[in-house]
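Just so you know, residue 1 is the first one in the sequence shown, and it goes up from there.
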Amino acid sequence: MTTDGCDSLEDLQTTVGEMLDTNVSKTLREGSVTKNSSCGSVSVGFPITMMITGMVGNSLALILVYISYKKKENKRKRSFLLCIGSLACIDLFGQLLTSPIVISVYRADLRWERIDASGRLCSFFGVCMTTFGLCALFLASAMAIERAMAITNPHWYSNHMKTRVTKQTLAVIFFAVLLFALLPIAGVGEYTRQWPGTWCFISAGDRRVPGNMFFAITFAVLGIFSLLVTLSCNVVTIRGLIIRCKTKSGTSQSSKQWERLTTETVIQLLGIMCVLLICWSPLLVLMLRMISTQVSSHECNSRAAASNHTSNQDVHLDCNFFLTAIRLASLNQILDPWVYLLFREILLRKFCLVANAVSNCSTEDRKETQTALDALNKQNQDSNDLHKPQNS
């Protein structure tokens with residue numbers, strides 16, 4: 001009797017426990033679904049905002065480049081305008097080809113297979129990311145090299161740098177980067193879905209795919225090399241500008257104009273270097289770290305499910321940081337037209353006007369003071385001249 005009562009009580013407790021577990025797990029699942037859907041609805045604002053701002057900035061840059069390129073007095077600037085226009089086109093197409101895919105995945109509740117059951121769209125996305133990313137870095141290096149040559153060797157630059165050479169260089173950069181980006185299609189490396197499943201990129205830490213490590217390391221090394229070239233050439237350009245500005249210092253109109261142009265260019269180059277470092281350094285450094293530790297971002301979900309709580313937090317931290325790094329790299333496509341062209345036309349002019357106004361005010365004050373002193377001295381001299389005959 002007692003045993004049966006205990007058994008009945010144990011059965012009742014087991015049944016109640018199973019019901020509670022079922023209800024709790026159901027509640028947790030519903031909460032998880034709600035959380036994921038809310039996160040998806042919030043996160044979809046990132047690609048939408050980036051696509052709109054990128055389209056506006058690069059379209060404005062293309063319009064300005066087209067207008068300047070058609071002017072006859074800007075023939076000597078056509079090489080620079082071609083580079084700026086090419087960079088704006090690459091950034092614009094990079095936004096137009098990738099952002100709609102990301103938005104569609106967010107609208108599909110972060111399920112890539114709903115829009116791409118075959119996986120071909122993932123490969124296309126990876127090719128676009130690699131091509132437009134490296135092209136932007138190489139074009140920045142090409143423009144930095146061009147500026148350095150124009151400042152350090154102006155005579156050689158004016159005699160040898162033609163528009164035809166610029167067009168050939170741009171074509172070589174684009175097709176060379178495109179061939180490199182197509183290597184995974186040929187079996188060297190692989191493009192895989194990355195955390196949180198809304199984009200595809202190089203599988204950085206996966207050694208199982210043939211040639212994957214070579215492809216990932218080459219991408220990171222090329223990106224870092226391009227950054228170093230751009231920074232070095234910009235430093236050389238800034239140094240050359242400051243030296244020439246000191247040699248041309250004076251009170252003439254040409255000297256003042258040269259000082260103004262030097263100030264504008266130095267500020268612009270510093271802005272370019274800061275934007276490149278902030279946008280690209282995290283991604284490239286993180287890729288090298290993931291390669292060395294053999295951690296791949298597309299394995300975040302499986303690793304998180306199979307690991308303990310501490311390693312789970314570490315994996316999610318790496319995955320979220322990788323997502324932030326790729327967003328920073330994509331932000332470079334938005335900032336490029338502003339730091340290369342639009343800010344120079346809008347902000348730098350106003351900055352230099354303010355600086356010149358302050359300088360002119362102080363100069364005018366000094367001139368007024370000097371004029372007053374001269375007038376006072378002249379008045380005293382005239383007074384002395386008048387008193388001399390009387391005293392004699």
With heavy-atom distances below 4.5 Å as the criterion, would you say the side chains of C279 and L335 are in contact?
yes
Which atom pair, heavy atoms only, marks the closest approach of A181 to P184?
O-CD, 3.3 Å
Would the distance check show the side chain of S292 and the main-chain N or O of R289 forming a donor-acceptor pair, the cut-off being under 3.5 Å?
yes
F219 and W280 aromatic ring geometry - parallel, tilted or perpendicular at 30°/60° bounds
tilted
CG on L137 to CG on L284, rounded to 0.5 Å:
7.0 Å
Taking the side chain from N332 and the backbone from A136, do they hold a donor-acceptor pair closer than 3.5 Å?
no
Is there a donor in the side chain of E146 and an acceptor in the side chain of Y157, or the other way round, less than 3.5 Å apart?
yes
Output yes when a side-chain donor or acceptor of N153 lies under 3.5 Å from a complementary backbone atom of M149, and no otherwise.
no
Atom CG in L62, atom CD1 in I67: separation rounded to 0.5 Å?
11.0 Å
Check: I334 and Q95 side chains under 4.5 Å, non-hydrogen atoms:
yes
Check the hydrophobic clustering (I, L, V, M, F, W, Y; side-chain heavy atoms under 4.5 Å; chains of links allowed) and say if M273 and I278 are grouped together.
no
If we only count heavy atoms from C-beta on, is the T324 to P282 side-chain gap below 4.5 Å?
no
Spatial distance of atom OG (S68) from atom CD1 (I63) [nearest 0.5 Å]:
11.5 Å
Rounded to the nearest 0.5 Å, how far apart are CG of L328 and CG of L286?
11.0 Å
Heavy-atom closest pair, residues A88 and A61:
CB-CB, 4.2 Å
Look at the side-chain heavy atoms of Ile, Leu, Val, Met, Phe, Trp and Tyr, link any pair under 4.5 Å apart, and say whether L178 and L96 land in one connected group.
yes
Please determine whether side-chain contact (heavy atoms from CB on, under 4.5 Å) holds for the pair I217 and I291, giving the CA-CA distance in whole Å, both sets of side-chain angles, and the decisive distance to 0.1 Å.
CA-CA 8 Å; I217 293 174; I291 291 170; 3.7 Å; yes
Does the ring centre of W199 sit less than 6.0 Å away from the ring centre of F322?
yes
ring-ring contact (aromatic ring centres under 6.0 Å, His included) contacts touching residues 115-136 (sequence neighbours left out):
none
Which pair of non-hydrogen atoms, one from T163 and one from Y69, has the smallest distance, and what is that distance?
CG2-OH, 4.0 Å
Could you tell me if the side chain of L222 sits less than 4.5 Å from the side chain of F138, heavy atoms only?
yes
Does D336 reach the main-chain N or O of D91 with its side chain, forming a donor-acceptor pair under 3.5 Å?
no
If I compare all heavy atoms of L92 with all of M55, which pair ends up nearest, and what's the gap?
CD1-CA, 3.7 Å
Student check: side-chain heavy atoms of L270 and I238 closer than 4.5 Å:
yes
Which pairs pass salt bridge (charged side-chain N to carboxylate O under 4.0 Å, His left out) with one or both residues in residues 110-134, sequence neighbours excluded?
D109-R114, E113-R193
Trace of the side-chain contact (heavy atoms from CB on, under 4.5 Å) decision for C122 with W112
CA-CA 9 Å; C122 183; W112 186 281; 4.0 Å; yes
Between Q168 and T166, does any side-chain donor sit less than 3.5 Å from a side-chain acceptor?
no
Same hydrophobic cluster for L228 and V177, using side-chain heavy-atom links shorter than 4.5 Å among ILVMFWY?
yes
If we ignore hydrogens and angles and just use 3.5 Å, is the side chain of T53 paired with the main-chain N or O of M50 as donor and acceptor?
yes
Taking atom SG of C83 and atom NZ of K167, what is their separation to the nearest 0.5 Å?
12.0 Å
Are the side chains of Y340 and M143 in contact, using a 4.5 Å heavy-atom criterion?
yes
Closest non-hydrogen atom pair between V65 and L81, with its separation
CG1-O, 3.4 Å
Is there a donor-acceptor pair closer than 3.5 Å between any side-chain N or O of S141 and the backbone N or O of S226?
yes
Distance check, rounded to the nearest 0.5 Å: I272 atom CD1 versus T230 atom OG1?
9.0 Å
CA sep, side-chain torsions, deciding dist, call: I202, Q194, side-chain contact (heavy atoms from CB on, under 4.5 Å):
CA-CA 9 Å; I202 303 169; Q194 307 292 324; over 6 Å; no
Any side-chain to backbone donor/acceptor pair from Q268 onto V339? Under 3.5 Å, distance only.
yes
When hydrophobic residues are tied together by side-chain contacts of less than 4.5 Å, even through go-betweens, does V105 share a cluster with I48?
yes
F46 and Y106 aromatic centres sub-6.0 Å
no
Shortest non-hydrogen contact from I224 to L288?
CD1-CD1, 3.5 Å
side-chain contact (heavy atoms from CB on, under 4.5 Å) for I103 and M51? Distances and angles first, verdict last.
CA-CA 10 Å; I103 296 171; M51 182 180 69; 4.1 Å; yes
Side chain proximity check, V127 to L182, heavy atoms < 4.5 angstrom
yes
Looking at side-chain heavy atoms only, is the closest gap between T192 and C200 below 4.5 Å?
no
Answer with yes or no whether the hydrophobic clustering places V56 together with F93; edges join I, L, V, M, F, W, Y residues whose side-chain heavy atoms lie under 4.5 Å apart.
yes
